[in-house]
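Right, one structure below, let's go through it.
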Amino acid sequence: MKCQSSLMKNSIKQILEDRFNREIVLERPRSKEFGHFATPVAFSMAKELRKSPMVIAEDLAKELDGVPQFAKVEPVKGYINLHLSEEFLNSHADEALLSEDNFGRGDKNERVLLEFVSANPTGPLHIGHARGAIYGDTLLRLGRHLGYKIDAEYYINDAGRQIDLLGLSLYYAGSVHIVGRYMAEPEEYYRGDYIIDLAKEAHSELSDDIFSEKDREDNISKLSSWGKEMMMEEIKSNLFKVGIEFDLFVSEKSLYTKWNDSLKELKKLGGIFEQDDKLWLKSTEHGDEKDRVVVRENGVPTYLAGDIIYHHNKFERDYDKYINIWGADHHGYIKRVESAIEFLGYSSQRLEVLLTQMVSLLKNGQPYKMSKRAGNFILMRDVVEEVGSDAIRFTFASKRPDISLEFDLSDLTKEDSSNPIYYINYAHARIHSLLSKSSFSQSEIMQSRIADIDLEQKELLFNALRLPEVIEEAFNHRETQKLTEYLHSLASSYHSFYNNTPVVGVENEKSLLKLSLVVANSIKTALKIMGIEAKNRM
RNA sequence: GCGUCUGUAGUUCAACUGGAUAGAACGACGGACUUCGGAUCCGUAGGUUAGGGGUUCGAUUCCUCUCAGGCGUGCCA
């Protein structure tokens, strides 16, 4: 049998649509007795045909007699339940095993610019940043698997007050803690151990008198730019430890030279007006609550100006689609950025802003407040060191981004069976161990045909083969938890199978091993997309 | 107040974006191979899907109102 697509669902849908000549809704039934797929199409036809759904379903089912993809077609209470044939499943199994970890690889060719993390280089990443980072990276991997040409970009906020504040904080910490000179406490500055550590480093790396009062402003500015570089290195290394790498880094500071160009473009379409000696973006024209200042009366552009230049720059690079992952506290910016994009002459439809909600932490059941200014925050680096990249990746990927997350640190540091990553790896390791016990070679197994399997085993096979659909669904809906849910349920089905079915030495050994191989391949592939390597042994 | 996200089992979360009897994990309780890895499996208990109204063959999902919570509501970044 020729199989046109690795998506079983699509090929089945196509068959039905060709037969019935209408749009078909295909769903996965809740219970496995209802088959692998089902369609409620008879319900929607009931009105126009003025017959009961039951009768219609029976008629339609008869029309599907003899279609080789189906082992059984059953009308039940108006639904048409479809049971796939072994032949159909075998052809997909072969494809899966031949593609290895390219199973479900797509050929979408859209160019996408995915911007995420973009944390200010004024401190190391904390646990809150980790969520956006892991969510973004998982989407990136999903999209790339489907063939999208995606560039991962980090926007560096290396201009403005935050950076000045970093320099001042280092200067203050150095003055007080290193040279031991009194200095009035600044009104606002970054605290935390990392500032003191960094100040020490500055003292030895830059110069001995970097904290001296002579040339104070000059010293602070040196500390700013040096500190920023150091923090960017720190951030990159934090990310690298969980397998995240960016293709592009764009500096806000370097873009500022383009402000006049952007301003000119905005004016061209009437996006700018002057009032009270300030320049305003007429963002209300595109649905914002109020117009926004882009240049203050002292001539200094606002933060929004930076975002405008940046998005201007993005759109000049001409991707098909732009995805931004922002913390939910920035949601107010969506309208104004979209508005600027429209005034620049582009369609804001090409921009999609995804928000990740806050992560709030408990420590032994008590709320744990994080504040970068106060310096009490939980570093991503520390958590990764404690629980490992795999666990933190799985945890964040398994939650929808739009719920605000609350978890206890002590839960995350647990390393017991409640950790799904163990559960899933264990299934994979078991399969690997079965293969080494068997006297059949891998190629013998792959050349065999899966046959004489019972309903439960068929369901397991079907689940393993669903991976391409899951990947597409997860990416299309930007919901990474689909993948983790899938992995868990696949591992669970396999453990169940393993516990009640001997494999090595039974008559149907090759068949069952091939089934296991398909499962292992899907687990391995899905984990790889999550930035996790499947274990053969634990 | 306005904008926005959320509200599902004791807890943390799912539910194929409108489909059949709302599912997992943790926790609790009770069980299972002298045999391929017991980090596993099987079972039990636990629900007015925050609440009311609406749309339709059908609603956790869509609309609307109410209630509760997070975030935002700088010419900070």
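Naming: A, B, ... by sequence-line order, numbering from 1 per chain.
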For RNA chain B, the dot-bracket notation using Watson-Crick and G-U wobble pairs below 3.5 Å, [ ] for pseudoknot-type crossings and | for other-strand pairs, is (((((((..((((.....[...)))).(((((.......))))).....(((((..]....))))))))))))....

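- Look at A:K335 and you won't find any side-chain N or O under 4.0 angstrom from OP1 or OP2 of B:U4.
- Dashed line: the shortest gap from a side-chain N or O of A:R336 to OP1 or OP2 of B:U73 is not under 4.0 Å.
- Phosphate contact (OP1/OP2 of B:A39, side-chain N/O of A:R430, threshold under 4.0 Å): absent.
- Taking only side-chain nitrogens and oxygens, A:S496 comes nearer than 4.0 Å to OP1 or OP2 of B:C42.
- In terms of phosphate contacts, A:K290 brings no side-chain nitrogen or oxygen within less than 4.0 Å of OP1 or OP2 of B:G3.
- Comparing A:P301 and A:A429 against RNA chain B, the residue whose closest nucleotide sits nearer the 5' end is A:A429.
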Would A:I56 and A:F43 count as a side-chain contact (heavy atoms from CB on, under 4.5 Å) if you check the C-alpha gap in whole Å, the side-chain angles of each, and the deciding distance to 0.1 Å? CA-CA 8 Å; A:I56 298 169; A:F43 290 98; over 6 Å; no

Which nucleotides of nucleotides 13-23 of chain B have their base under 4.0 Å from a protein heavy atom (B), which only their sugar-phosphate (S), and which neither (-), written as one string 5' to 3'? SSSBB-BB---

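- One interatomic measurement links the two molecules: NE2 of A:H330 to C1' of B:C71, which rounds to 12 Å at whole-angstrom precision.
- In terms of position on RNA chain B, the residue among A:Y333 and A:S433 whose nearest nucleotide sits closer to the 5' end is A:S433.
- Regarding A:E188, its CD atom lies at a distance of 17 Å from the P atom of B:G74, rounded to whole Å.
- Nucleotide B:G38 holds its P atom 7 Å from the CG atom of A:N499, rounded to whole Å.
- Within the structure, every side-chain polar atom (N or O) of A:Y498 is placed at least 4.0 Å from both OP1 and OP2 of B:C42.
- Under the side-chain hydrogen bond (donor to acceptor under 3.5 Å, both in side chains) criterion, A:E509 pairs with A:S438, not counting sequence neighbours.
- Counting atom types as modelled, A:H331 pairs a side-chain N or O with a base atom of B:G3 as donor and acceptor under 3.5 Å.
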